[in-house]
Undergrad: 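Let me give you the structure first, and then I'll get to my questions.
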Amino acid sequence: MAKPPSTDFIRVIITKDLQANKHDGRVATRFPPEPNGYLHIGHAKSICLNFGIAADYKGTCNLRFDDTDPSGESIEYVDAIKADVRWLGFEWNDREFFASDYFEQLYQYALQLIKAGKAYICSLSPDEIREHRGTLTEPGKESPYRNRSAEESLDLFERMRAGEFADGAHVLRARIDMASPNLNMRDPVLYRIKKVPHYRTGDQWCIYPMYDFAHCLSDAIEGITHSLCTLEFENNRPLYDWILDELKTPCHPQQIEFARLNLSYTVMSKRMLADLVGKGLVSGWSDPRMPTLAGMRRRGYTPDAIRTFCERIGVAKNDSVVDMELLEHCVRDDLNEHAPRAMAVLRPLKVIIDNYPADKTEEFDAPNHPQDPGMGSRKIPFSRELYIEQDDFLEDAPKKFFRLAPGREVRLRYAYFIKCEQVIKDKKTGEITEIHCTYDPETRGGYAPDNRKVKATIHWVSAPLCQEAEVRLYDRLFTVANPGAEAEKAGTEFTAFVNPDSLETLTSCKVEPGLAQAAPGSRYQFERLGYFCVDPVDSSEDSLLFNRIVTLRDTWAKMQEKDGK
RNA sequence: UGGGGUGUCGUCAAGUGGCAAGACACGGGGUUUUGGACCCCGCAUUCGGAGGUUCGAAUCCUCCCACCCCAGCCA
């Protein structure tokens with residue numbers, strides 16, 4: 001009910017800042033994606049953190065597109081990112097910003113830096129700059145252009161902007177310290193020439209600010225109080241602070257770093273995700289197996305479950321890999337409460353009730369949720385011929401197998417007790433083609449008047465009165481928990497660990513007739529099987545298609561697995 | 001062989017000198033018309049290691065070890 005307040009180290013810092021009246025009682029965060037790719041569950045962690053903090057402290061959270069490198073950025077990504085953030089459940093109202101809107105202001109800031117002697121135009125080639133940078137253990141060498149006069153740098157910078165030079169001819173560099181043990185402080189590049197049109201500013205600019213210059217100033221311009229980013233930017237913090245200090249901006253946001261999210265059995269890097277898409281190992285960025293928000297949405301994951309997950313994993317500075325099972329737990333937990341139940345047979349086995357009249361049908365009332373009567377009920381047709389799950393019948397059943405077997409009785413959920421009398425096999429293949437049973441008319445509704453018990457209740461569907469459907473069964477994308485690390489160890493491509501069984505398509509599934517009207521995107525629990533979602537893309541009026549979101553916990557499968565080992 | 005970080009249960013993660021929260025996973029039991037859900041119970045004498053300070057240390061000090069990040073005109 002009342003969830004305990006989050007007390008991660010960032011909130012502790014913010015609470016202290018508030019007590020000290022550090023930003024006159026204001027809390028302002030931002031989520032700053034670069035519009036050059038899709039958002040994934042790792043971004044969701046950052047989104048929940050930034051928007052969550054804003055909500056907790058009655059502050060604000062800006063959505064800012066960090067679009068300072070036009071190559072690869074596009075409005076399509078902007079739109080996709082906005083859709084994803086909204087879907088996750090966050091609203092930024094009019095606080096939508098673009099670093100590209102600050103280009104002129106940033107340029108003016110750069111001018112100030114040059115005038116103050118804190119930045120200069122360097123005309124070394126990229127290779128030369130790298131050579132001058134030194135190494136991790138040796139200091140760098142100063143650029144021969146380092147002492148260029150402010151006037152000359154100003155002139156060159158203006159001409160860079162005017163397009164007089166080719167890409168790479170000059171860059172603007174901060175004048176800091178070529179001997180700094182922090183390589184980011186060895187006169188970092190602040191602006192580069194890139195004669196590439198920008199998706200928002202067109203050909204207005206041919207010089208673009210680097211991340212380190214644009215990000216801190218964008219934060220300052222927006223009055224951000226706490227600038228949250230991932231651990232790999234820790235080394236950039238001194239530069240973040242240097243720029244803001246040198247430019248005496250009216251506001252100096254505090255950069256705080258936290259560990260990015262890693263999830264077992266998947267990958268999170270943009271490069272690897274792009275590889276999966278590029279090599280056709282998945283159908284695209286929104287393939288239901290992808291850890292992208294678009295993929296999870298299509299798979300049927302709920303925004304609620306993802307938000308809960310982001311809360312549960314916490315925020316800290318440890319490099320960590322969160323168990324995929326926790327995400328699945330959050331999904332099940334949400335769906336268990338909210339998804340209506342339905343019966344579906346994925347791998348049908350024909351059952352004939354010999355003592356049930358061939359021309360008879362009747363209807364059983366089935367609650368849509370066994371624990372929540374408020375969700376109502378629906379009618380399910382019953383007839384002489386049914387389908388049950390192949391897994392629910394075993395000819396030579398061990399004692400621990402509770403389901404149907406020759407001579408054994410089980411309950412058909414909400415219907416009757418049936419007893420297996422005969423197994424019919426294909427004479428050539430030996431494959432079981434159908435089984436014959438008898439039913440006990442006294443057990444209507446699934447209760448035996450003599451109070452006798454059955455060990456199992458199985459799901460079923462009427463053979464003549466059911467709906468055909470296709471079902472896509474998804475499983476973890478990789479066979480190993482940490483594909484990146486595993487590949488490095490083995491000296492192979494991470495794609496070598498893609499799970500060949502991550503997608504299984506079942507085409508002749510039988511689902512209860514009411515599901516014919518299921519709306520795209522709607523989610524159900526198929527009893528005893530898992531949670532499924534009507535595919536919002538490929539499902540249509542004449543071909544019903546379900547994605548498996550996640551299985552139910554399956555202790556029977558677990559027992560078998562253990563026995564097998 | 002520089003600098004910046006991090007090391008607490010299988011996995012996340014609280015804890016900030018007073019005697020190891022919680023969650024997932026796992027194991028056991030109850031209940032059950034989903035081998036589901038739900039409900040109990042169990043699960044780190046120990047906090048990367050070794051010393052030291054202290055009545056008392058995961059928390060303080062010293063040394064050591066492991067892992068991550070940084071040498072893009074990417075973010």
Side-chain angles (χ1 to χ4, degrees), chain A residues 4 7-8 32-34 36 66 68-69 71-72 122 124-126 129-131 133-140 167-173 179-186 188-194 207-208 210-212 214-215 229-238 257 259 261 264 270 309 311-330 332-333 336-337 341 343 366 369-371 400-403 410-415 417 443 445-447 453-459 481 525-530 551-559:
Chain A
T7 53
D8 56 77
E34 185 187 11
N36 70 345
D66 219 341
T68 58
D69 179 3
S71 39
C122 178
L124 254 23
S125 71
I129 288 186
R130 191 182 327 116
E131 285 158 17
R133 189 151 28 222
T135 68
L136 295 178
T137 52
E138 303 155 20
D167 286 13
H170 308 282
V171 290
L172 178 69
R173 288 230 253 168
S180 172
N182 181 340
L183 305 224
N184 290 306
M185 299 300 269
R186 319 241 264 226
V189 172
L190 265 23
Y191 263 90
R192 76 290 214 185
I193 301 170
K194 213 165 212 180
I207 56 172
Y208 295 95
M210 297 287 289
Y211 165 84
D212 286 305
H215 200 90
C229 62
T230 43
L231 252 27
E232 67 270 27
F233 291 102
E234 237 159 358
N235 298 319
N236 299 55
R237 179 158 25 102
E257 311 83 11
L261 169 66
S264 63
K270 212 173 262 186
F309 170 74
E311 254 168 52
R312 300 267 209 106
I313 57 176
V315 180
K317 298 190 71 159
N318 307 331
D319 278 309
S320 59
V321 182
V322 175
D323 206 326
M324 183 65 142
E325 307 232 35
L326 179 59
L327 211 209
E328 294 181 343
H329 166 81
C330 294
R332 285 190 189 107
D333 206 36
N336 175 50
E337 190 179 340
R341 314 285 121 129
M343 291 205 282
H369 190 116
Q371 276 81 38
K400 291 224 173 164
F401 182 85
F402 299 156
R403 284 108 96 148
V410 298
R411 169 165 42 229
L412 293 177
R413 179 144 238 222
Y414 302 129
F417 285 13
T443 58
Y447 295 95
K453 302 293 180 201
V454 287
K455 299 276 272 195
T457 299
I458 65 174
H459 60 278
Q525 184 200 96
F526 288 170
E527 298 219 32
R528 304 208 306 132
L529 298 173
T551 60
L552 247 30
R553 290 193 65 204
D554 189 345
T555 42
W556 168 242
K558 221 162 264 171
M559 282 165 65

Undergrad: Between the base of B/C69 and the side chain of A/Asn235, is there a donor and acceptor pair under 3.5 angstrom?
TA: yes
Undergrad: Watson-Crick or G-U wobble partner for B/G27, using a 3.5 Å limit on both distances?
TA: B/C41
Undergrad: Rounding to a whole Å, what distance do you find between A/Asp167:CG and B/C74:P?
TA: 10 Å
Undergrad: Output a table of nitrogen or oxygen pairs between the protein and nucleotides 20-25 of chain B separated by less than 3.5 Å.
TA:
unit_1	atom_1	unit_2	atom_2	d
B/A23	O2'	A/Arg312	NH1	2.6

Undergrad: A/Trp556 stacking on B/G35: centroids under 5.5 Å, ring planes under 30°?
TA: yes
Undergrad: Between B/G7 atom P and A/Asn318 atom CG, what is the distance in whole Å?
TA: 4 Å
Undergrad: So, using side chain to side chain contact (heavy atoms under 4.5 Å, CB included) as the criterion, who are the partners of A/Asn36 when residues are at least two apart?
TA: A/Glu34, A/Glu73, A/Lys270
Undergrad: Taking the six-membered ring for Trp and the single ring otherwise, decide whether the centroids of A/Trp556 and A/Phe401 are under 6.0 Å apart.
TA: yes
Undergrad: Does A/Lys455 have more than 12 heavy atoms from other residues, nucleotides or ligands lying within 6.0 Å of its NZ?
TA: no
Undergrad: Kindly write out the residues that satisfy side chain to side chain contact (heavy atoms under 4.5 Å, CB included) with A/Ala179, not counting sequence neighbours, or none if the list is empty.
TA: A/Pro139, A/Asp177
Undergrad: Using the side chain to side chain contact (heavy atoms under 4.5 Å, CB included) criterion, which residues pair with A/Ser320? Sequence neighbours excluded.
TA: none
Undergrad: When rounded to the nearest 0.5 angstrom, what is the spacing between CG in A/Asp212 and CG in A/Asn236?
TA: 4.5 Å
Undergrad: Provide, to the nearest angstrom, the distance between the CD atom belonging to A/Glu232 and the C1' atom belonging to B/G4.
TA: 13 Å
Undergrad: Identify the pairs formed between an N or O of the protein and an N or O of nucleotides 66-68 of chain B at a distance under 3.5 Å, and give each distance.
TA:
unit_1	atom_1	unit_2	atom_2	d
B/C68	O2'	A/Asp319	OD2	3.3

Undergrad: Let me know the distance between CD of A/Glu257 and C1' of B/C70, rounded to the nearest Å.
TA: 13 Å
Undergrad: Please report the distance, rounded to the nearest Å, between CD in A/Glu527 and P in B/U32.
TA: 17 Å
Undergrad: Please identify each residue that fulfils side chain to side chain contact (heavy atoms under 4.5 Å, CB included) with A/Ala259, with sequence neighbours left out.
TA: A/Leu231
Undergrad: Between A/Leu412 and A/Ile458, is there a side-chain heavy-atom distance shorter than 4.5 Å?
TA: yes
Undergrad: Is B/G17 in the syn range, within 90° of 0, or in the anti range?
TA: anti
